[in-house]
Amino acid sequence: MKRLALLFLVCFCAAARADDLVSGLSQDQIEITSNYTGTDMVVFGAIESMDSANAARDVVVVVRGPAANMSVRRKVRIAGIWINRDEMSLSGMPSYCFVASSRPLSQIASKQTLQRYQIGLGNLQPTKVSTHRPPKAVPFIQAAVRERAHDQLYAEVPMGVEFLSYSLFRVRVPIPASVPRGQYTAEVYLFRDGAVISAQSTPLFVNQIGLERRLYNYAHTWPLSYGLSTVLLAVFLGWLSSVLFRQR
């Protein structure tokens, strides 16, 4: 909520600045079907500027998925056996996060500025943790980020913003098949001298369609009926296959 308030304030104040930002998406809805294996979405935009072409500017694009609750466990080896000893619950972490920038983030802005807007995988923070000592949660947050990056749900690409001209830019954002369904946000930040001078946020929807969507709704609306029907279907198919093989 704090990050969204900061983004709104930047957008409100951007009209009074010399540079302004306009951005959009190649598609605002991604449809998941049974044969979906992943796709790419393009975030594009333009910088409207009154300054000279020699002015230094940077663009950062952040695509965030719906908030998710994560449980992270730390394993320790006791008597040659690995067991779970510590557990941390992280609430409000993005289920998907892709960050692309025109330069490495450390060269664009200070660490304090990046932390304020949660730009960069190292600056992601949950809204709530199951501890009263925030420093204790740091290694668990880092482990959650590493795990999501391994699953290709988190990614950070320096030099990932491609400028087609002085003012036009685009970014290719991968949407793997394992992405969670829900509402995403594509945030575009314009930096000058380490400060955010303009920003824009655009919603993106990832939804299932067809039979997959109906099964998803059925499973979440009537979970008991869905579980019983899947068990009965498995029993029926097992009996049918045994009958067919017996006849052969």
Please table the atom pairs, donor to acceptor, closer than 3.5 Å between any side-chain atom in residues 225-238 and protein atoms at least two apart or in another chain.
unit_1	atom_1	unit_2	atom_2	d
S229	OG	S225	O	3.1
S229	OG	Y226	O	2.8
T230	OG1	Y226	O	3.1
T230	OG1	G227	O	2.7

Tell me, please, which residues at least two apart from [X] pass side-chain contact (heavy atoms from CB on, under 4.5 Å).
X    : answer
N123 : K111, L114, Q115
S106 : P104
D193 : none
T37  : none

Contacts of R73 meeting salt bridge (Lys or Arg N to Asp or Glu O under 4.0 Å) (sequence neighbours excluded), chain-then-number -> E87
Sequence neighbours excluded, the answer for salt bridge (Lys or Arg N to Asp or Glu O under 4.0 Å) partners of D28 is none
Throw together a table of side-chain donor-acceptor distances under 3.5 angstrom for residues 130-155, partners on residues two or more places apart or in other chains.
unit_1	atom_1	unit_2	atom_2	d
S130	OG	S89	N	2.9
T131	OG1	R133	N	3.2
R148	NH1	S95	O	2.8
Y154	OH	P94	O	2.5

In short, side-chain hydrogen bond (donor to acceptor under 3.5 Å, both in side chains) pairs touching residues 170-180 with sequence neighbours left out are E162-R170
S26 meets the side chain to side chain donor-acceptor pair (under 3.5 Å) criterion, sequence neighbours left out, with none
Hits for ring pair (Phe, Tyr, Trp, His ring centres under 6.0 Å) against F191, two or more places apart or cross-chain, chain-then-number order -> none
Excluding L164, membership of its hydrophobic cluster (Ile, Leu, Val, Met, Phe, Trp, Tyr; side-chain heavy atoms within less than 4.5 Å) reads L168
